[in-house]
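Note that these values count all heavy atoms, side chains included, but never hydrogens, waters or copies made by symmetry. So that the names make sense, note that chain A is the first sequence line, chain B the second, and so on, each numbered from 1.
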Protein chains: 2
Amino acid sequence: MEKEHSASMEDYLEAIIMLREGKEAVRVSQMSKALGVKMPSVTSALRKLSEEGLVEHQRYGRARLTPDGERIARDVLRRHEALRRFLAEILSVDPETAEADACKMEHSVSPVTQEKLAKFLEFVLSRPNVQPEWLKMFYRYASYGEVPGGCPTKCLGEE
Amino acid sequence: MEKEHSASMEDYLEAIIMLREGKEAVRVSQMSKALGVKMPSVTSALRKLSEEGLVEHQRYGRARLTPDGERIARDVLRRHEALRRFLAEILSVDPETAEADACKMEHSVSPVTQEKLAKFLEFVLSRPNVQPEWLKMFYRYASYGEVPGGCPTKCLGEE
DNA sequence: CTAATTTGTTTGACGCGTCTAACAATTTAC
DNA sequence: GTAAATTGTTAGACGCGTCAAACAAATTAG
């Protein structure tokens with residue numbers, strides 16, 4: 001199985017895959033900027049990931065993923081995207097928040113739950129004819145606190 | 001506003017409110033067991049929370065929440081419950097996993113998103129006549145990978 | 001009431017991830 | 001091709017949350 005990696009280490013792997021954009025090798029400064037940490041943090045993360053055989057990196061060089069690192073990074077990214085889209089497209093969370101939350105959840109939420117969320121997204125997207133019905137109702141419910149067409153089974157106005 | 005507290009500290013507060021059950025004061029050993037940490041960790045957490053005025057605790061005594069601590073603990077618990085129920089009742093995640101994930105999410109996911117998830121749950125529960133329709137469809141979709149009554153707009157069978 | 005057991009605390013350590021400051025290599029500009 | 005600017009590393013520190021070991025108080029049993 002996939003040995004456990006810390007949230008931070010997964011973030012570093014994910015950053016490499018996201019930043020490389022064709023170039024397939026990434027500078028420390030890029031990662032530093034993208035992750036909002038200082039360069040020494042990147043350096044030490046790369047050293048650790050190197051020792052685990054997940055990235056290739058030598059002094060003053062660029063970082064690239066090994067095949068193992070690539071697999072893990074892709075997996076993190078896949079989960080990240082599913083979560084982000086669920087938050088943005090189903091819950092209509094604003095893009096920035098959806099991005100940030102996906103980033104947290106991808107590390108802490110169980111695979112089981114992540115899978116369910118992904119399925120939910122798939123389910124909704126796969127049925128464009130049904131989606132508008134209740135999803136729009138939900139949006140109004142979320143905005144105004146009640147269902148549009150009447151049927152006020154429950155009327156909540158806390159906070 | 002509510003000053004930020006670490007995930008750990010929120011967990012300790014939450015543990016007090018959950019464990020007291022009428023007794024309204026909690027032993028270190030109880031918390032230790034409930035949180036899966038050793039007693040010294042509890043002691044040092046209580047000291048810190050004491051200094052912040054969130055719990056009342058003196059050497060060899062039981063721990064109780066101050067009014068401030070109570071407010072925060074209640075809030076954490078409220079969010080926890082909303083998340084847990086969303087996972088269990090909407091996504092049909094198994095109870096143990098739902099509990100564990102709620103515990104992670106309550107600390108890391110933004111209030112915005114937590115609010116949306118809670119609204120979603122409310123929305124579904126408030127409309128018992130509509131719920132069965134698409135929610136059952138989702139359950140089948142999640143289990144078998146496709147919609148029961150045909151309409152195979154998209155058929156996904158990855159992993 | 002004393003002895004045994006349970007409960008709780010202190011101390012000092014560790015791992016993780018981060019940072020700053022000082023230094024070193026690389027790249028860029030002239 | 002040398003000087004300046006940029007990029008990267010090392011060393012050492014810190015905060016957080018945890019732990020084990022040693023000790024101290026409180027509780028229970030006799």
Report the nucleotide, chosen from dT18(C), dA11(D), dA24(C), that has the shortest atom-to-atom distance to any side-chain atom of Tyr12(A).
dT18(C)
What's the NE2-C1' distance between His107(A) and dC16(C), to the nearest Å?
15 Å
Between P of dT7(C) and CG of Leu46(B), the distance in whole Å:
16 Å
Counting only side-chain nitrogens and oxygens, does Thr43(A) get under 4.0 Å of the OP1 or OP2 atom of dT9(D)?
yes
Of all the nucleotides listed (dT18(D), dT27(C), dC16(D)), which has the minimum atom distance to the side chain of Arg62(A)?
dT27(C)
Just the rounded figure in Å: distance from P of dT6(C) to CD of Gln30(B).
17 Å
Of the listed nucleotides dT27(C), dA21(C), dT10(C), the one nearest the side chain of Pro40(B):
dT10(C)
Could you check which of dC19(C), dG8(C), dT10(D) has an atom nearest any side-chain atom of Val28(B)?
dG8(C)
Considering all heavy atoms, the nearest Cys103(A)-Asp11(A) contact:
SG-OD1, 4.0 Å
Partner set under side chain to side chain contact (heavy atoms under 4.5 Å, CB included) for Ala82(A), not counting sequence neighbours
Ala118(A)
For dT6(C), does OP1 or OP2 lie under 4.0 Å from any side-chain N or O of Ser29(B)?
no
Between dA25(C) and Arg59(A), is there an OP1 or OP2 to side-chain N/O distance shorter than 4.0 Å?
no
Note: Asp101(B) and Ser108(A) closest approach over all heavy atoms is OD1-O, 4.1 Å
With respect to the side chain of Tyr60(B), which nucleotide from dG8(D), dC19(D), dA24(D) is positioned closest?
dA24(D)
Looking only at side-chain atoms of Arg27(A), point me to the closest of dC19(D), dT7(D), dG17(C).
dT7(D)
Please answer: with hydrophobic residues joined when any side-chain heavy atoms are less than 4.5 Å apart, are Val93(A) and Leu125(A) in the same cluster?
yes
Of Glu56(A), Arg71(A), Glu70(A), the residue whose pairing with Leu65(A) passes side chain to side chain contact (heavy atoms under 4.5 Å, CB included)
Glu70(A)
Side chain of Lys38(A): nearest nucleotide among dT18(C), dT7(C), dT20(C)?
dT20(C)
What is the distance, to the nearest angstrom, from the CG atom on Leu35(B) to the C1' atom on dG8(C)?
16 Å
Base, sugar-phosphate, or nothing for Met31(A), non-hydrogen atoms under 4.0 angstrom?
nothing
Could you check whether Lys33(B) gets within reach of a base, just the sugar-phosphate, or nothing at all, counting any heavy atom under 4.0 Å?
nothing
Using whole Å, report how far NZ of Lys48(B) lies from C1' of dC16(D).
6 Å
Tell me: CD of Glu4(B) to P of dC16(D), nearest whole Å?
14 Å
If the cut-off is 4.0 Å, is His5(B) near the phosphate of dC16(D), judged by side-chain N/O to OP1 or OP2?
no
Is the shortest side-chain N/O distance from Ser41(B) to OP1 or OP2 of dG17(D) below 4.0 Å?
no
Taking NE2 from His57(A) and C1' from dT7(D), how many angstroms apart are they, rounded to a whole number?
11 Å
Does dG17(D) have its OP1 or OP2 closer than 4.0 Å to a side-chain nitrogen or oxygen of Ser6(B)?
yes
Over how many whole Å does the gap from Arg47(A) atom CZ to dG17(C) atom P extend?
12 Å
Base, sugar-phosphate, or nothing: which does Ser44(A) touch, judged by heavy atoms less than 4.0 Å apart?
base
Glu106(B) side-chain N/O to Leu77(B) backbone N/O, donor-acceptor pair under 3.5 Å
no
